[in-house]
Amino acid sequence: MIRLNIRVRFALTITLIGFSTLVQSVRADECGLPFSTVVFYEGVGAATSGICTADFTGDGLLDVAVANRGLDNVIIFKNDGDALFSLHSVTPIGFESTPRYVVSADFDGDGDMDAATSNWNAHEDDPPGYNGGSAAVLLNDGKGNLVVSEEHIFLRTSCIDLADLNGDGHVDIIAPHWDPEVGSSGPGIASVLKNNGDGTFVEVAEVPVGNLPRGIDVGDLDNDGDIDFAVSNMGSDDSVTVVENLGNFNFEVKTPLIDGTTPRYLAIGDLTGDGLNDILVVHKTVDTLLVYENQGNFNFSLIGIYPTAENPHSVEVEDINGDCSLDVLVSHVGENYVYIYENDGTGVLDVTVIESLHGPSHVISDDVNEDGRTDVLVACVNGGYFNVHISEVEQVGCTNACRADLDQSGTVDVLDIIVLITNWGETCVPSDVDGNGVVGATDIVLLISVWREPCQ
């Protein structure tokens, strides 16, 4: 067995650094993140603005539900096991109801995945001149067929999210909407619907938010163990409302975030790796992504502004390359692209662009083919149901030792050096241990720094 002592390792490091000037450099973000050819699910008259994944049919595979505002229904697409989807069931929501988003959880505790939608427009039986929307609850019959079991009528229910807000084990609903007293020019309300445990809900709180709420996400923002939430408001105040959960369905509105213009959607996640959940917001008219770092005690500081394509519509956080840091995905209705911002682990982002046609309105991520990689799914608002982008992204591992374990033996050793030298000077390959875009001296340095360490 070959062993390198400290002196040899040091000499090898210095020698290879001397060779580094001979290596042509490239930008790491030019390597991109590879996905297979997109599969588009087209629908006549379809205009899908919301999408979620869950095992609706109970076969252990992730299916897809879409909120089809073009045909006023929710459609379940069944996964065949290879991430190919076929239409399974259709649930009408109501004439001209315009369901915009769909979310999923087991509301009634029977083991089947149910759903809820935010519905933008009026129903046939609404009072004259009301022009209201609703939050609808859809229960699963156990076979992947959803039935509307109840609706909560609001003016403009623009978005929706789920969380167990009181810690009783039942998932509750948060439904931001416009104030029915003053209409679209005034402040909004986030109505909180308590789950009674049997799949029925009752409104227990109204939390004031900003003008024209259009996006919501949930997460523990103060590390106290309960779920808080934030709402992006596209109205004249251009605000993000941050809400603390005080327990027992009591809430406190914190100082709003007011940078940028027309905040369309947001996501909550620990981007900087410090154990605190940060807030990311896409601003529609100025085409930007803003990153707010959580400083603790509900104080947030703007640490990053990144350009997007035209009219960013939604944002998602997920670890795409398996390095245990959250990356960022942004969809755009103005251009047919999804931007994937790769996180260096500290909240600094580099962008990769993937084409996603037919008006990508809502982007989500999940491993729909069960290969250990996170795939990307996008709702299509222009004449379609959704796009599926199957990930072929190299999973680099959470530690430097995992990055350097090029032969995947479980330990960094001389065979990894051989693999690295074989790929010397190549671009966009796994042997680029430090991720700078090209295999060179700095990769050897990083590899030696974790010599004999196991990949964990």
Side-chain angles (χ1 to χ4, degrees), residues 1-35 270-274 291 303-304 306-307 319-328 339-354 372-374 391-456:
M1 180 179 295
I2 300 176
R3 298 182 182 272
L4 296 181
N5 61 33
I6 295 176
R7 182 177 300 174
V8 173
R9 286 157 55 185
F10 177 77
L12 179 59
T13 299
I14 296 300
T15 302
L16 289 170
I17 289 175
F19 290 157
S20 63
T21 57
L22 302 177
V23 181
Q24 181 180 5
S25 64
V26 299
R27 287 172 52 86
D29 56 9
E30 291 175 355
C31 298
L33 297 170
F35 289 80
D270 181 8
L271 207 68
T272 57
D274 61 357
V291 179
I303 62 168
Y306 297 88
D319 183 3
I320 297 297
N321 62 355
D323 65 352
C324 294
S325 61
L326 291 175
D327 307 303
V328 184
Y339 279 17
I340 303 178
Y341 299 84
E342 196 171 0
N343 186 358
D344 72 349
T346 68
V348 177
L349 307 177
D350 280 324
V351 67
T352 290
V353 178
I354 60 175
R373 297 183 175 101
T374 301
S391 174
E392 297 177 350
V393 177
E394 181 77 23
Q395 303 298 288
V396 299
C398 299
T399 65
N400 286 338
C402 288
R403 291 176 178 268
D405 182 20
L406 301 175
D407 65 349
Q408 298 182 349
S409 66
T411 304
V412 180
D413 55 25
V414 70
L415 295 179
D416 298 307
I417 288 184
I418 293 173
V419 173
L420 191 151
I421 292 175
T422 301
N423 297 136
W424 193 264
E426 294 186 17
T427 60
C428 305
V429 294
S431 295
D432 176 24
V433 180
D434 66 355
N436 72 348
V438 62
V439 180
T442 54
D443 300 306
I444 288 283
V445 173
L446 182 55
L447 187 152
I448 291 175
S449 72
V450 292
W451 190 257
R452 291 296 181 190
E453 289 187 16
C455 174
Q456 297 178 341

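Under the salt bridge (Lys or Arg N to Asp or Glu O under 4.0 Å) criterion, D434 pairs with no residue, sequence neighbours left out. Every residue meeting the side chain to side chain donor-acceptor pair (under 3.5 Å) condition with T346, not counting sequence neighbours, appears here in chain and number order: D344.
A heavy-atom distance below 4.5 Å is found between the side chains of D323 and R403. Contact check for I303 versus T272: side-chain heavy atoms found under the 4.5 Å cut-off. Counting heavy atoms from C-beta on, the side chains of D407 and D405 come closer than 4.5 Å. For the pair V351/I340, no side-chain contact is recorded, criterion being any heavy-atom separation below 4.5 Å from C-beta on. Counting only heavy atoms from C-beta outward, the side chains of I354 and L33 never approach each other to under 4.5 Å.
The two residues A404 and V450 have their closest heavy-atom pair at CB-CG2, 3.8 Å.
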Given the rule in the side chain to side chain contact (heavy atoms under 4.5 Å, CB included) test, do V414 and W451 qualify, once you have shown the distances and angles that lead to the verdict?
-> CA-CA 9 Å; V414 70; W451 190 257; 4.0 Å; yes
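Around the CD atom of Q408, the shell of radius 6.0 Å holds no more than 12 heavy atoms that belong to other residues, nucleotides or ligands.
In the model, T411 has no side-chain atom that pairs as donor or acceptor with a side-chain atom of D413 under 3.5 Å.
Between S449 and the options L446, L447, V445, a side-chain contact (heavy atoms from CB on, under 4.5 Å) holds for only L446.
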